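No experiment lies behind these values; they were computed from the predicted model shown. Values below: all heavy atoms of this structure, side chains included; hydrogens, waters and symmetry mates excluded.
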Amino acid sequence: MTMIEVFKTNVQKAAQSRLMIKLLTAHFPTSKVNFDLDDCDKVLRVEGKDLCAQRIIELLKLNGHYCEILD
């Protein structure tokens, strides 16, 4: 079953988002990962199987970014 997780982040720049996309796809290789940096919440959207929202948050935080599940 495919899951979709949506997060609020503080990723500001395209270069930062590309780096985080590479990191997340390395951990979740079958997932689709993208950012909407034009949105006020700098939305991160991850779609895939066997996602772990807490792990995604931890990975961004370990790389100096704020991340929380968007309600």
Side-chain angles (χ1 to χ4, degrees):
M1 183 170 111
T2 300
M3 303 168 55
I4 298 172
E5 294 285 356
V6 182
F7 303 89
K8 176 180 180 176
T9 75
N10 68 345
V11 174
Q12 298 290 324
K13 299 182 178 169
Q16 293 171 323
S17 70
R18 286 191 296 272
L19 190 64
M20 292 300 98
I21 289 169
K22 282 183 183 177
L23 177 72
L24 291 168
T25 53
H27 283 269
F28 304 99
T30 60
S31 299
K32 294 181 193 173
V33 182
N34 63 63
F35 280 89
D36 181 356
L37 299 182
D38 294 328
D39 187 281
C40 65
D41 288 326
K42 309 300 181 197
V43 172
L44 164 63
R45 184 176 184 272
V46 184
E47 179 179 347
K49 296 180 179 177
D50 302 319
L51 297 179
C52 176
Q54 194 56 44
R55 184 68 183 137
I56 293 167
I57 291 168
E58 288 172 7
L59 288 167
L60 262 76
K61 286 184 177 179
L62 284 171
N63 285 273
H65 296 288
Y66 169 82
C67 183
E68 72 174 28
I69 293 174
L70 190 64
D71 294 322

Kindly say whether Met1 contributes a backbone atom to a donor-acceptor pair with the side chain of Lys49 at under 3.5 angstrom?
no
Test side chain to side chain contact (heavy atoms under 4.5 Å, CB included), reference Ser31, set Ile56, Asp50, Thr25, Leu51, output is Leu51
Under 4.0 Å between a Lys/Arg side-chain N and an Asp/Glu carboxylate O for Arg55 and Glu58?
yes
Looking at Glu47 and Thr2, what are the two nearest heavy atoms and their distance?
CG-CG2, 3.5 Å
Can you get from Leu59 to Val43 by hopping between Ile, Leu, Val, Met, Phe, Trp and Tyr side chains that sit under 4.5 Å apart?
no
Approximate separation, where rounding is to 0.5 Å, of Phe35 CZ and Phe7 CZ
10.0 Å
About how many Å separate CD of Glu68 and NZ of Lys61, when rounded to the nearest 0.5 Å?
8.5 Å
Rounded to the nearest 0.5 Å, what separation is found between the CG atom of Asn10 and the NE2 atom of His65?
6.5 Å
Scanning both residues in full, the closest heavy-atom pair of Glu5 with Met3 reads OE2-CE, 3.8 Å
Taken to the nearest 0.5 Å, the spacing of Leu19 CG from Leu24 CG works out to 9.5 Å
Pair Met20, Asn63 - check side chain to side chain contact (heavy atoms under 4.5 Å, CB included), show working.
CA-CA 8 Å; Met20 292 300 98; Asn63 285 273; 3.6 Å; yes
Could you please spell out the steps behind the side chain to side chain contact (heavy atoms under 4.5 Å, CB included) verdict for Leu44 and Val11?
CA-CA 9 Å; Leu44 164 63; Val11 174; over 6 Å; no
Calculate, to the nearest 0.5 Å, the distance between atoms CD1 and CD belonging to Ile69 and Gln54 respectively.
7.5 Å
Val6 with Leu23, same ILVMFWY side-chain cluster at under 4.5 Å
no
Taking every heavy atom of Phe28 against every heavy atom of Cys52, the minimum-distance pair comes out as CE2-N, 3.9 Å
Working to the nearest 0.5 Å, report the span between CG of Asp39 and OG1 of Thr9.
9.5 Å
Transitive ILVMFWY side-chain link Ile4 to Leu70, under 4.5 Å:
yes
